[in-house]
Amino acid sequence: MGTLLSVRDLWRSFGGLAVTQGVSLDLEAGSQEAIIGPNGAGKSTFFNLLTGYHRPTSGSIVFDGVEVSHMPPHRIVRRGMSRAFQVANIFVRMTVFENVRCAVQAHMGRTLDLFGNAESQGTERSREILEMCSLADKAETEASSLAQGDRKKLELALALASDPKLLLLDEPTAGMSLEETHETMKVVDGLNRTLGITVLFTEHDMSVVFNHARRITVLHRGKIVAQGLPDEIRNNEYAQEIYFGEKS
């Protein structure tokens, strides 16, 4: 389906510290991939660079054929790259449906529509997104009362409100039970396989990584040290040593 994201020789320094060092990565449209690495490896900084929250010191980020390295976050979102954060960013005093509808209205640019009822805008799309994320039965539930798994699904729903081509997920199963993890990744797999949304995620749970990523990149101290299929990474001696803490 072609390359959706192409990162070349990406560097980011804070003061004298190089946090991202010469990272190059290609992501094919329709793929589902993971980036792993120990704490401090540079995963969050890399996601921040992709989404415009940090600007690279040098290097390029080409998304869907357009250089986005120096675009602000809202323009990158408009081009089709959306991110769900490790800590759910939701309005806890609003219902699940109201949260999603606000996000949909914001994307549609109709939150301040003077020629229509803002509350009625995007209702159909909001309900479609709730169905996609297995949240339809929680539509009228106040977000503050959601279990951790459903909060993460709501964060996914908010990310989908912008109709992304690429979905970046930062620790999508953090703090979840086994059942919640299974349900959340079932939703993620459906978005990827059924809707064709490209997914790139970070994750510390190796069972999630090896069961759901079709390709894995290992970061260590800001550098890519291994890339490949799950079995290749599982058997990579360097990856075992620096990430899994063992040698074969």
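Here the structure is a predicted model, which means the values were calculated and not measured.
Using a 4.5 Å heavy-atom threshold, the side chains of Leu5 and Ile61 count as touching. With contacts defined as side-chain heavy-atom distances shorter than 4.5 Å, the pair Val218/Tyr238 does not qualify. At a threshold of 4.5 Å between non-hydrogen side-chain atoms, the residues Thr51 and Pro73 do not count as touching. When side chains are defined from C-beta on, Met81 does not count as touching Val77, because their heavy atoms never get closer than 4.5 Å. Taking the side chain as every heavy atom from C-beta outward, Ser126 and Thr123 never approach each other to under 4.5 Å. Using a 4.5 Å cut-off on side-chain heavy atoms (C-beta onward), Met185 and Thr173 make contact. Using a 4.5 Å cut-off on side-chain heavy atoms (C-beta onward), Arg151 and Ile90 make contact. The side-chain heavy atoms of Val96 and Glu140, taken from C-beta on, include no pair separated by under 4.5 Å.
Separating the CD atom in Gln105 from the CZ atom in Arg125 is a distance of 14.0 Å, to the nearest 0.5 Å. Going from atom CD of Glu203 over to atom CZ of Phe210 covers 12.0 Å, rounded to the nearest 0.5 Å. With rounding to the nearest 0.5 Å, the separation of CG in Leu50 from CD1 in Ile76 is 8.0 Å. Distance check, rounded to the nearest 0.5 Å: NZ of Lys152 to CD of Glu155 gives 6.5 Å. Annotation: the span from Asp150 atom CG to Glu180 atom CD amounts to 7.5 Å, rounded to 0.5 Å. The CZ atom of Arg12 lies 11.0 Å from the CG atom of Leu17; values are rounded to the nearest 0.5 Å.
Taking the charged nitrogens against the carboxylate oxygens, Lys186 and Asp189 have no contact shorter than 4.0 Å, which rules out a salt bridge. Using a cutoff of 4.0 Å between basic side-chain nitrogens and carboxylate oxygens, Glu142 and Arg93 are scored as salt-bridged. Salt bridge annotation for Lys43-Asp170: absent, with no cationic side-chain nitrogen under 4.0 angstrom from a carboxylate oxygen. The pair Asp26-Arg215 fails the salt-bridge criterion, with no side-chain N (NZ, NE, NH1 or NH2) lying under 4.0 Å from an Asp/Glu carboxylate O.
Closest of all the heavy-atom pairs between Cys133 and Leu160 is SG-CD1, 3.6 Å. Minimum heavy-atom separation, Gln227 to Leu25: NE2-CD1, 3.3 Å. Closest approach of Asn192 to Gly30, counting heavy atoms only: ND2-O, 3.2 Å. In this structure, Ala239 and Ile233 approach most closely via the heavy-atom pair CB-O, 4.0 Å. Residues Ser82 and Ala159 share a closest heavy-atom pair of OG-O, 2.9 Å. Nearest heavy atom pair, residue Leu49 against residue Pro56, reads CD2-N, 3.6 Å.
Val62 and Phe46 end up in different hydrophobic clusters when Ile, Leu, Val, Met, Phe, Trp and Tyr side chains are linked at under 4.5 Å. Under a hydrophobic-cluster definition in which Ile, Leu, Val, Met, Phe, Trp and Tyr are linked whenever side-chain heavy atoms come within less than 4.5 Å, directly or via other members, Met108 and Phe91 are assigned to different clusters. Placement of Val92 and Leu135 within a single hydrophobic cluster is found when ILVMFWY residues are connected by side-chain heavy-atom separations under 4.5 Å, directly or transitively. Linking Ile, Leu, Val, Met, Phe, Trp and Tyr residues whenever their side-chain heavy atoms come within less than 4.5 Å leaves Met176 and Leu146 in two separate clusters. Residues Val66 and Leu168 are members of one and the same hydrophobic cluster, defined by side-chain heavy-atom contacts under 4.5 angstrom among Ile, Leu, Val, Met, Phe, Trp and Tyr.
A cation-pi contact, defined as under 6.0 Å to the ring centre and within 45° of the axis, is absent between Arg79 and Phe63. The cationic group of Arg127 lies under 6.0 Å from the six-membered ring centre of Phe97 and within 45° of the ring axis, placing it in a cation-pi geometry.
Aromatic rings from His54 and Phe14 are positioned such that their centres are separated by under 6.0 Å.
Dense packing is recorded around CZ of Arg214, with more than 12 heavy atoms of other residues, nucleotides or ligands lying under 6.0 Å away.
Side-chain atoms of Ser24 come within 3.5 Å of backbone N or O of Asp9 as a donor-acceptor pair. Listed for the Gln240 side chain is no donor-acceptor partner under 3.5 Å among the backbone atoms of Glu237. The closest donor-acceptor contact from the side chain of Glu232 to the backbone of Ile216 lies at 3.5 Å or more, if one exists at all. The closest donor-acceptor contact from the side chain of Gln21 to the backbone of Arg221 lies under 3.5 Å.
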Practice problem: Output, in order, the C-alpha distance, side-chain angles, deciding distance and verdict of side-chain contact (heavy atoms from CB on, under 4.5 Å) for Glu183 and Ser134. | Solution: CA-CA 9 Å; Glu183 289 300 317; Ser134 300; 5.5 Å; no

Exercise. Report the C-alpha separation of Ile224 and Ile35 in whole Å, then their side-chain angles, then the decisive distance to 0.1 Å, and conclude whether the side-chain contact (heavy atoms from CB on, under 4.5 Å) test is met.
Key: CA-CA 10 Å; Ile224 291 178; Ile35 294 182; over 6 Å; no

Exercise. Go through the steps to decide whether Arg78 and Asp163 satisfy the test salt bridge (Lys or Arg N to Asp or Glu O under 4.0 Å), and finish with yes or no.
Key: CA-CA 9 Å; Arg78 289 287 180 184; Asp163 295 322; over 6 Å; no

Practice problem: Please step through side-chain contact (heavy atoms from CB on, under 4.5 Å) for the pair Asp205 and Glu171, ending with a clear verdict. | Solution: CA-CA 9 Å; Asp205 186 333; Glu171 300 283 348; over 6 Å; no

Exercise. Quick one: do Leu219 and Ile36 satisfy side-chain contact (heavy atoms from CB on, under 4.5 Å)? Show the steps, please.
Key: CA-CA 6 Å; Leu219 274 179; Ile36 64 173; over 6 Å; no

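The side chain to side chain contact (heavy atoms under 4.5 Å, CB included) test with Gln32 is passed by exactly one of Leu169, Ile197, Leu167, Val188: Val188. Exactly one of Thr20, Val19, Thr57 qualifies for a side chain to side chain contact (heavy atoms under 4.5 Å, CB included) with Ser13. That residue is Thr57.
A side-chain N or O of Arg83 and one of Asn48 form a donor-acceptor pair less than 3.5 Å apart. For the 3.5 Å distance criterion, the side chains of Glu28 and Thr3 qualify, holding a donor opposite an acceptor.
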